[in-house]
Amino acid sequence: MIEVKELSKRYGGTSAVDGLSFSVGPGRVTGFLGPNGAGKTTTMRVLLGLDAPTSGEALVDGLRYARIRRPMLRVGALLDAGALHGGRSAFDHLLCLARTNGIGARRVAEVLEQVGLAGVARKRAGGFSLGMKQRLGIAAALLGDPGVLLFDEPVNGLDPDGVRWIRELMRSLAAEGRTVLLSSHLMSEMELTADRLVVIGRGRLICDTTVRDLAARFDRGVLVRSPRAAELAEVLTGAGAAVAPDPSGGLAVTGVDVSVIGDLAARHALPIHEATPRSASLEEAYMELTAGSVEHRAHGSAR
Amino acid sequence: MTGVLGAEWAKIRSVRSSRYGLLAAVAVVLLAALVAWNGARIWDGLPPGERGSLSGAGPMELVAPLLQLGAGVFGVLVVTSEYATGTIRSSLVAVPRRWPVLAAKAAVVAAVSLAAGLVVLAASFAAVRTFIGDRPLPGPTGPPGEEVPVLAATALTVVAAALFGLGSGAVLRSTAGAVAAVAVLLFVLPPFTFLLPEPWGGRMAAVLPSGLAVRIAGAVPDPVLSPPAALAVLAAYAAVPLGAAAVMITRRDA
């Protein structure tokens with residue numbers, strides 16, 4: 001369980017997080033989305049006690065992180081997979097972390113096995129590919145078998161195999177009843193992995209919703225083509241739908257479900273050549289939601 | 001706390017630079033032996049009438065600053081390598097109270113630099129005495145009762161240099177900055193003592209690390225610093241930067 005309450009964090013004159021509140025429950029993957037610079041990493045840093053909040057608080061299982069004894073047993077985090085001493089082996093890297101929380105060498109070997117790095121456990125981490133470093137970072141997060149997991153941009157720079165592996169791992173961790181918060185600036189990734197979405201921009205909450213609700217909110221109606229379009233439009237309007245000519249030549253119907261349209265057409269013996277439910281892709285929905293809060297935008301580019 | 005200590009010990013053991021440091025320590029002993037051997041050779045080659053003209057620094061005066069510099073840089077790297085690689089964040093997330101991380105680093109750095117300092121000093125001492133023999137050359141040729149306290153005090157200055165490096169590294173979070181601080185203390189400030197008018201030159205020389213070992217051992221009579229006062233000054237070189245680091249590491253965003 002993660003609770004962020006009225007959290008604000010300023011660095012000098014710049015506000016990174018501004019009155020942000022949301023909570024993340026167990027048993028599902030929550031996507032933490034926002035454009036670059038939206039405050040995702042800052043929020044995670046405050047949650048992990050690395051940065052002190054300017055005001056408000058961020059709690060894990062009802063506790064401020066700094067008050068947790070042996071925190072790795074409760075919270076696992078991947079912030080920056082590149083944060084490694086290149087000369088240290090994967091095993092030693094994890095062992096150094098494990099020791100601080102009283103975790104033994106056997107558990108280190110176990111997590112290395114789990115992330116598929118057992119074969120290179122004694123190799124210097126400096127020679128690892130980005131994908132291997134991400135796996136090592138995830139292994140570190142799993143060391144204490146924690147109930148709460150935070151991953152900051154875990155799929156950045158991964159190949160498709162690695163992306164799929166992370167996606168399945170996140171879902172299985174959530175299925176075991178853990179709280180999983182996964183940050184990303186890519187909606188397409190979240191669409192496949194997350195159940196819930198917390199979208200932020202410029203340090204503020206934009207929406208806190210489920211993937212399904214977000215898709216429904218950006219419903220664009222149904223495109224219908226029929227050789228007897230005028231009659232069909234009349235019938236549909238009579239049933240309470242809003243009908244407008246679509247630029248592509250058919251009818252843009254909103255307000256009724258595609259099944260209702262089909263039933264109405266059948267009842268009036270009107271032929272239908274096409275009926276396509278249209279919704280903005282989640283990607284478009286996300287772009288629309290965050291349009292006002294993009295920190296750095298190339299001038300002159302249409303969104 | 002034992003876990004954090006174990007982790008810090010594992011961190012030092014698991015990187016190659018620690019082994020290179022030990023090799024450098026062996027090189028210091030060899031260097032001291034070489035200088036002593038060379039001095040003895042020159043002495044033997046001179047006609048007896050000119051032997052008295054041989055003077056200069058003894059081999060042990062070479063060992064102490066090299067050890068202090070090596071220990072200082074070691075102390076710096078133990079903490080700044082974590083800032084440079086970003087692993088400090090994992091370390092502090094794992095131990096959110098933070099000060100135990102610094103305390104464990106200080107304990108391990110002190111233990112390693114004390115052990116290495118004692119071994120290198122003892123080995124250099126033995127090698128130098130062997131080569132000089134009973135020739136009246138500059139060097140640790142006095143009776144062991146006089147020489148051992150100076151060696152022990154020198155080992156303490158090595159530990160203080162290491163902890164000064166650790167504290168500076170944790171405050172500055174930069175390898176270059178902290179190594180510069182160590183170099184200024186050990187090598188840049190001592191020549192300044194000759195530029196200051198007396199009695200200030202002498203006073204400054206007395207409180208710099210380079211002059212503390214003999215004063216702690218009571219080997220030179222000094223009206224400015226008694227042995228306990230000299231020991232307190234040495235402790236301050238370690239305690240002040242470490243104290244500042246302890247305050248800053250707990251207060252600052254990591």
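So that the names make sense, note that chain A is the first sequence line, chain B the second, and so on, each numbered from 1.
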Looking only at non-hydrogen atoms, find the nearest pair between [X] and [Y] and report the distance.
X         : Y         : result
Ala10(B)  : Arg99(A)  : CB-NH1, 3.8 Å
Ala52(A)  : Asp253(B) : N-OD1, 2.9 Å
Thr100(A) : Ala7(B)   : CG2-CB, 3.5 Å

- Could you look at Arg251(B) and say if it's the side chain, the backbone, both or neither that has a heavy atom under 4.5 Å from chain A?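 Neither the backbone nor the side chain of Arg251(B) comes within 4.5 Å of chain A.
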- Item | side-chain hydrogen bond (donor to acceptor under 3.5 Å, both in side chains): pairs with one or both residues in residues 17-34 of chain B, sequence neighbours excluded |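 For residues 17-34 of chain B, and leaving out neighbouring residues, there are no side-chain hydrogen bond (donor to acceptor under 3.5 Å, both in side chains) pairs at all.
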- Task: Using non-hydrogen atoms and a 4.5 Å limit, figure out which bit of Tyr11(A) sits close to chain B: side chain, backbone, both or neither.
- Result: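 Side chain only.
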- Around atom CZ of Phe187(B), are there more than 12 heavy atoms of other residues, nucleotides or ligands at under 6.0 Å?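 Yes, because the 6.0 Å sphere around CZ of Phe187(B) holds more than 12 heavy atoms from other groups.
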Compile the donor-acceptor pairs under 3.5 Å between side chains in residues 154-162 of chain B and protein atoms, sequence neighbours left out, one pair per line.
residue	atom	partner	partner atom	Å
Thr154(B)	OG1	Val150(B)	O	2.7
Thr157(B)	OG1	Gln68(B)	NE2	2.9
Thr157(B)	OG1	Thr154(B)	O	2.5

Nearest 0.5 Å, what's the [atom1]-[atom2] distance between [X] and [Y]?
X        : Y        : atom1 : atom2 : value
His93(A) : Ser90(B) : NE2   : OG    : 5.5 Å
Arg89(B) : Asp51(A) : CZ    : CG    : 9.5 Å
Leu92(B) : Leu48(A) : CG    : CG    : 11.0 Å

- Item | Sorted by number, residues from residues 102-119 of chain A in contact with chain B (heavy atoms, under 4.5 Å) |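 Result: none.
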- Message: At under 4.5 Å between heavy atoms, what parts of residues 56-88 of chain A are in contact with chain B? List them by residue number.
- Response: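 Result: Tyr65(A), Ala66(A), Ile68(A), Arg69(A), Pro71(A), Met72(A), Asp80(A), Gly82(A), Ala83(A), Leu84(A), His85(A), Gly87(A), Arg88(A).
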- Query: For chain A, which of Ala104(B), Gly86(B), Ala254(B) has the most heavy-atom pairs under 4.5 Å?
  - Reply: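 Of the candidates given, the most pairs with chain A belong to Ala254(B).
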- Check for a donor-acceptor pair, side chain of Asn101(A) on one end and backbone N or O of Ala94(B) on the other, with a separation under 3.5 Å.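 A pair under 3.5 Å: yes.
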